[in-house]
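Notes follow once the structure below has been shown.
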Amino acid sequence: FTVFAPTDAAFAKLPAGTLDALLKDKAKLTQVLTYHVVAGKVMASDVMKLKDAKTVEGQTVKIDASNGVMINKSKVVKADIQASNGVIHVIDTVVLPR
């Protein structure tokens, strides 16, 4: 799997009450979490070649690598953190599904 993992500061940027509401709504929380995951191991060098990617949640995220790497409106701040089941790219903003 490839996980676009928001920092603690990214969660702090959410509007007041958003995180508490998500924690109380398991279905919505699952939707948000799976929107941050792409099936397969996609390294930064691969991300640079993509325009979008389908998430485990089912929708796509937009990828823009013209000036750093953006996932929707979130900037990748650290890439290619190896995990036993894939790779993690740290992002500076929580991406919310439509």
Side-chain angles (χ1 to χ4, degrees):
F1 290 97
T2 300
V3 177
F4 298 106
T7 62
D8 289 343
F11 282 100
K13 292 191 312 188
L14 287 170
T18 302
L19 186 55
D20 288 334
L22 285 172
L23 293 173
K24 292 176 184 173
D25 184 342
K26 185 177 179 182
K28 184 69 173 173
L29 178 61
T30 299
Q31 181 185 22
V32 170
L33 293 175
T34 56
Y35 189 63
H36 287 79
V37 180
V38 172
K41 186 176 183 179
V42 185
M43 302 301 290
S45 58
D46 301 318
V47 170
M48 301 289 285
K49 302 171 194 168
L50 301 175
K51 297 291 181 202
D52 59 36
K54 185 173 182 178
T55 69
V56 171
E57 184 268 340
Q59 296 183 61
T60 59
V61 288
K62 181 181 172 196
I63 299 171
D64 181 355
S66 61
N67 187 19
V69 176
M70 301 291 289
I71 306 301
N72 289 351
K73 294 182 180 184
S74 180
K75 183 177 182 178
V76 174
V77 294
K78 188 168 184 180
D80 291 347
I81 300 169
Q82 297 287 332
S84 62
N85 61 344
V87 63
I88 300 166
H89 304 293
V90 180
I91 56 177
D92 69 353
T93 304
V94 176
V95 289
L96 298 173
R98 298 177 285 289

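Note: hydrogens, waters and symmetry copies are ignored here, and every other heavy atom, side chains too, is used. From a predicted model like this one, the values you see are computed outputs, not experimental measurements.
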Ring pair (Phe, Tyr, Trp, His ring centres under 6.0 Å) partners of [range], not counting sequence neighbours, each pair once:
range          : result
residues 46-84 : none
residues 21-72 : none
residues 42-81 : none
residues 41-64 : none

The side-chain hydrogen bond (donor to acceptor under 3.5 Å, both in side chains) partners of Ser45 (sequence neighbours excluded) come to none
Looking at residues at least two apart in the chain, or sitting in another chain, which of them share a side-chain hydrogen bond (donor to acceptor under 3.5 Å, both in side chains) with Lys78?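 Partners of Lys78 under the side-chain hydrogen bond (donor to acceptor under 3.5 Å, both in side chains) test: none.
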What residues join Met43 in its hydrophobic cluster, counting side-chain heavy atom gaps under 4.5 Å, either direct or through other members? Val87
Donor-acceptor contacts under 3.5 Å from residues 89-98 side chains, at least two apart:
unit_1 : atom_1 : unit_2 : atom_2 : d
His89  : ND1    : Asp80  : N      : 3.2
His89  : NE2    : Val42  : O      : 2.8
Asp92  : OD1    : Ser74  : OG     : 3.4
Asp92  : OD1    : Lys75  : N      : 2.8
Thr93  : OG1    : Lys13  : NZ     : 2.9

Could you check whether any side-chain N or O of Asp52 sits under 3.5 Å from a backbone N or O of Val61, counting only pairs where one atom can act as donor and the other as acceptor? no
Quick one: side-chain contact (heavy atoms from CB on, under 4.5 Å) partners of Ala39, sequence neighbours excluded? none
Using side-chain contact (heavy atoms from CB on, under 4.5 Å) as the criterion, list what pairs up with Asp8, not counting sequence neighbours. none
N/O donor-acceptor pairs under 3.5 Å from side chains in residues 20-28, not counting sequence neighbours:
unit_1 : atom_1 : unit_2 : atom_2 : d
Asp25  : OD1    : Ala27  : N      : 3.3
Asp25  : OD1    : Lys28  : N      : 3.1
Lys28  : NZ     : Gln31  : OE1    : 3.4

Taking CG in Asn67 as the centre, count heavy atoms belonging to other residues, nucleotides or ligands within less than 6.0 Å. Is the count above 12? no
If you define the side chain from C-beta out and look only at heavy atoms, does anything of Thr55 sit under 4.5 Å from Thr34? no
